[in-house]
Amino acid sequence: MRWTQTYIPTLRQKQTEAELISHQLLLRGGYIRKLASGIYLYLPLMQRVIEKFSRIVREEMNRSGAIEIHMSVLCPAEIWQTTGRYMSVGKELMRMKDRHEHEFVMCGTHEETITTLVRGEIKSYRQLPMNLYQIQVKFRDEIRPRFGLMRGREFIMKDAYTFDATQESFDVSYGKMLDAYSRIFTRAGLETVKVESDTGAMGGKAAHEFMLLVETDGGEEVIMICDKCGYAANREKATFRDTVKIKADKEMKPTEVVDTPGAATIEEVTAFLKVQPYQLVKTLLYMADNKPAAALVRGDRDVNEIKLKNALGAIELELATPAQIEEYTGAPVGFAGPVGLKDVPLIVDPMVTNLTNFIVGANADQQHIINVNIDRDFKATKVIDISLAREGDGCPMCNSTLDAKSGIEVGNTFQLGTKYSEALGAKFLDAEGKEHPIIMGSYGIGITRTPQAVLEKYFDEKGIIWPKTIAPYLVEIIPLSMDNKAQVEAAEKIYDQLTEAGIEVLMDDRNERPGVKFNDADLIGLPIRITIGDKSLKEGKVEVKARSEDKVEKIGLDSVVPAVVKLAERLN
RNA sequence: CGGGGUGUGGCGCAGUCUGGCAGCGCGCUUGCUUUGGGAGCAAGAUGUCGGAGGUUCAAAUCCUCUCACCCCGACCA
């Protein structure tokens, strides 16, 4: 391809709308343009990157036995109402009506659609297992789109769905997808970590995410990782081993209400009463689906709201407002406690149950209660892990400690169980003629977000450095002067040779100064650059250079193809 | 939805407080020169100052309403 024949609108200046380096590079490199908040247009270079990555995904999905189909973007709302997600997904589900006033949703994921597709056709265990996938546009009306393609509202996703008759069969299908995912990300030049994750609105039994660990600001999630045993989990999901040594008193002391003037926060109370944070129990009031609930964690810990939400079975969860706190506890913020709190369920973290004679808010202004003991002074509605893991906590699987790392999610896998098949009646007959719901799994890969995630890793101060597998072209040819006949002829010749050898080439045939071409070449980041200028051409040579290296090799005009092939082999 | 901010030529911005010719840099067009890391000179073109309404002799500037976008939070791949 020739630069003047395609459309690569590079920008010199930084774009204020982009915070992340990867987003900035895509805009400046002429890969994408924004149409509206969270909605992007893919320009020719981006289109090629998407095509490259999609091809890798297709090849590996096909290799694992999955079959490609294509489903609709729209789906009758009725099906989403049947599975309950019409309610549970909330406002991010884009809803609309057609001219007949029939309600539709724009799919952000296709469990409902595919289960509907399959339920009529799959009747026998003999037709299973099956794995269907598509690469398609998704729409999620995110509250706050940001980071370019990383959190757009419209994006492209590969989504696969497995159907199995038995749990054993499902485990095999799930394992195949995990393997395919590892191969896909490796081929795209990414080292990913597989972590345990929360299932969220997707439902089902268990889930994993494939995370790219990054050092830039691009991380959107925190991953807890154990170096020793390999335990890795999204922070939302992570469990941990408590390493604080608690001295338990032998006897329960009588409770006592004490005045704590001006001491509402943990810091203020511990300073005032001269105690350690872990001798306190925090009582946080939440509103779960508009009903109050109290979360009790040890004073030195924070609440993991995802764990709490799951413990409560709630769809919406948010901290109570100061007014609501006064309404339910009778005291201002900072003095809530479990003792005497009426009509509010108490969700208690197990770490609280190990404490004796601890301190809680008194549900009265400027007062706390000391020497409180669970079961004697209040009863837990439910004891369940609701603490947020943090760096330095003990690994739940071994005796080491957890590290916190920043990551970008590029893929996910969900063990759906029979949630969708039961709701929509996708059932099969086993060998004995008994009817069962199909066991399902669902597997996503962000087709547009992954290449941007790649850029959080592959760049330098001048621009992008694509891994060769997803670069829009492998080679960029730069004739330094378009007015120089010898240079142009040499460039055309090399262009033809490379093209004939099946190598993808972009030739910068613009009538621009060398500096402009070099800078744009560095910005758009093709792996190999061939410079054609008088200096080398006098010796019958051109200059071949990898974007990722400083070294320049002078190559004879007729040896360019093998030199490029050889260089490409060495590159990432 | 809550908090903060921004809308001025294709891009980046100044001008707004204190109303008085709509500007700067880059880019763009033409010509000449130049050509190994974002050229020089000369001549040009380009704006409903986000939109609507109001105040005023006069509004980018003041007032009211409204729309879009960005950042922080909640949500989320």
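Lettering follows sequence order; numbering is per chain, from 1.
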For the P atoms, the ones on rU56(B) and on rU61(B), what distance do you get once it is rounded to whole angstrom? 16 Å
Do the side-chain N or O atoms of Arg144(A) get closer than 4.0 angstrom to the phosphate oxygens (OP1, OP2) of rA74(B)? no
Answer with base, sugar-phosphate or nothing: what part of the nucleic acid does Asp483(A) contact at a heavy-atom distance below 4.0 Å? base
Side chain proximity check, Trp466(A) to Ile524(A), heavy atoms < 4.5 angstrom: no
Is Asp159(A) paired with Lys138(A) through a side-chain N to carboxylate O contact shorter than 4.0 Å? yes
Taking the side chain of Asn519(A) as heavy atoms from C-beta outward, which of rC69(B), rC76(B), rG38(B) is closest to it? rG38(B)
Return the value, rounded to whole Å, for the distance between atom CG of Leu20(A) and atom C1' of rC71(B). 12 Å
Any strand, both distances under 3.5 Å, Watson-Crick or G-U wobble: rG23(B) pairs with rC13(B)
Mind checking whether Lys176(A) and Asn131(A) have side chains closer than 4.5 Å, heavy atoms only? no
Is the shortest side-chain N to carboxylate O distance from Arg146(A) to Glu19(A) below 4.0 Å? no
If you look at every strand shown and take non-hydrogen atoms under 4.0 Å, does Ser197(A) touch a base, only sugar-phosphate, or nothing? nothing
Using a cut-off of strictly less than 4.0 Å between a heavy atom of the residue and any atom of RNA chain B, enumerate the qualifying residues of residues 445-460 of chain A by number. Arg449(A)
Scan nucleotides 40-45 of chain B nucleotide by nucleotide, 5' to 3', and note B when protein non-hydrogen atoms come under 4.0 Å of the base, S if they reach only the sugar-phosphate, - if neither. ------
Ionic contact status for Lys545(A) with Glu476(A), cut-off 4.0 Å: no
Taking a pair as Watson-Crick or G-U wobble with both distances under 3.5 Å, which nucleotide is matched to rC49(B)? none
Pairwise C1' distance for rC21(B) and rG31(B), with rounding to whole Å: 31 Å
For rC63(B) versus rC26(B), give the span between their C1' atoms, rounded off to a whole number of Å. 36 Å
Any strand, both distances under 3.5 Å, Watson-Crick or G-U wobble: rC32(B) pairs with rG40(B)
Phosphate contact (rG2(B) OP1 or OP2) by Thr321(A) side-chain N/O below 4.0 Å: no
Could you check which nucleotide pairs with rC62(B) in any of the strands shown, counting Watson-Crick or G-U wobble with both distances under 3.5 Å? rG54(B)
Short N-O contact, Lys237(A) and Glu209(A), less than 4.0 angstrom: no
Rounded to whole Å, please give me the gap between CG in Leu480(A) and C1' in rG38(B). 14 Å
Sorted by position of nearest nucleotide on RNA chain B, 5' first, the leading residue of Thr16(A) and Glu142(A) is Thr16(A)
So what does Lys14(A) touch, heavy atoms closer than 4.0 Å: a base, only the sugar-phosphate, or nothing? sugar-phosphate
Candidate nucleotides rC26(B), rC71(B), rG36(B), ranked by approach to the side chain of Arg12(A) - the nearest: rC26(B)
Does Glu111(A) reach the side chain of Arg85(A), with side-chain heavy atoms less than 4.5 Å apart? yes
Is there a side-chain contact between Arg513(A) and the phosphate of rA39(B), meaning an N or O under 4.0 Å from OP1 or OP2? yes
Nearest-Å distance once atom P is located in both rG3(B) and rA14(B): 25 Å
Could you measure between the two C1' atoms, the one in rA60(B) and the one in rG50(B), and give it in whole Å? 12 Å
Distance criterion of 3.5 Å, no angle test: do you see the side chain of Arg529(A) paired donor-to-acceptor with the base of rG37(B)? yes
Could you state the CG-P distance from Asp522(A) to rG38(B), rounded to the nearest angstrom? 12 Å
Do the side-chain N or O atoms of Arg146(A) get closer than 4.0 angstrom to the phosphate oxygens (OP1, OP2) of rC76(B)? no
If you measure from the Lys or Arg side-chain nitrogens to the Asp or Glu carboxylate oxygens, is any gap between Glu51(A) and Arg55(A) under 4.0 Å? yes
Which of Lys282(A), Arg390(A), Lys307(A) passes salt bridge (Lys or Arg N to Asp or Glu O under 4.0 Å) with Asp302(A)? Answer is Lys282(A)
Hey, does the side chain of Gln15(A) come within less than 4.0 Å of rG12(B)'s phosphate (OP1/OP2), counting only N and O? yes
Does any nucleotide pair with rC69(B) by Watson-Crick or G-U wobble geometry, both distances under 3.5 Å, and what is it? rG5(B)
Whole-Å P distance, rU55(B) and rC11(B): 34 Å
Phosphate contact (rC70(B) OP1 or OP2) by Ser37(A) side-chain N/O below 4.0 Å: yes
For the side chain of Arg140(A), counting heavy atoms from C-beta on, which of rC70(B), rC76(B), rG36(B) is nearest? rC76(B)
Please check the phosphate of rC70(B) (OP1 and OP2 only) for any side-chain N or O of Lys34(A) closer than 4.0 Å. yes
Between Glu103(A) and Arg95(A), is there a salt bridge with N-O shorter than 4.0 Å? no
Classify Gly152(A) by what it touches in the nucleic acid, base, sugar-phosphate, or nothing, heavy-atom distance under 4.0 Å. base
When we call it a touch if two heavy atoms are under 4.0 Å apart, what does Met157(A) touch: a base, just sugar-phosphate, or nothing? nothing
Quantified in whole Å, what is the P atom distance between nucleotide rA43(B) and nucleotide rG5(B)? 44 Å
Expressed as a whole number of angstroms, how long is the span from Glu221(A):CD to rA74(B):P? 13 Å
Does Asp534(A) get its side chain close enough to the base of rG36(B), under 3.5 Å, for a donor-acceptor pair? no
Closest approach to the side chain of Gln13(A), judged atom by atom: which nucleotide of rA74(B), rC71(B), rG25(B) is it? rG25(B)
Is the base of rG38(B) touched by the side chain of Glu512(A) through a donor-acceptor pair closer than 3.5 angstrom? no
Which whole-number value in Å describes the distance from Ile39(A) CD1 to rC70(B) P? 11 Å
In whole Å, measure the gap between the P atoms of rC71(B) and rC13(B) for me. 14 Å
Between the side chains of Gln452(A) and Ser22(A), is a donor N or O closer than 3.5 angstrom to an acceptor N or O? yes
Heavy-atom nearest nucleotide on RNA chain B for Lys462(A) versus Glu209(A): which residue maps closer to 5'? Lys462(A)
What's the closest nucleotide to the side chain of Val516(A) if the choices are rU35(B), rG38(B), rC76(B)? rG38(B)
Once you apply a heavy-atom cut-off of 4.0 Å, does Leu11(A) come out as touching a base, just sugar-phosphate, or nothing? nothing
Whole angstrom value for the distance that separates P of rC76(B) from CG of Asn412(A): 13 Å
Less than 4.5 Å apart, any side-chain heavy atom of Arg547(A) and any of Lys462(A)? yes
Assign the ring pair Tyr174(A) / Phe170(A) to parallel, tilted or perpendicular, where the plane angle (0 to 90°) is split at 30° and 60°. tilted
Test item: Leu26(A) and Tyr40(A) side chains (from C-beta on) under 4.5 Å apart, heavy atoms: no
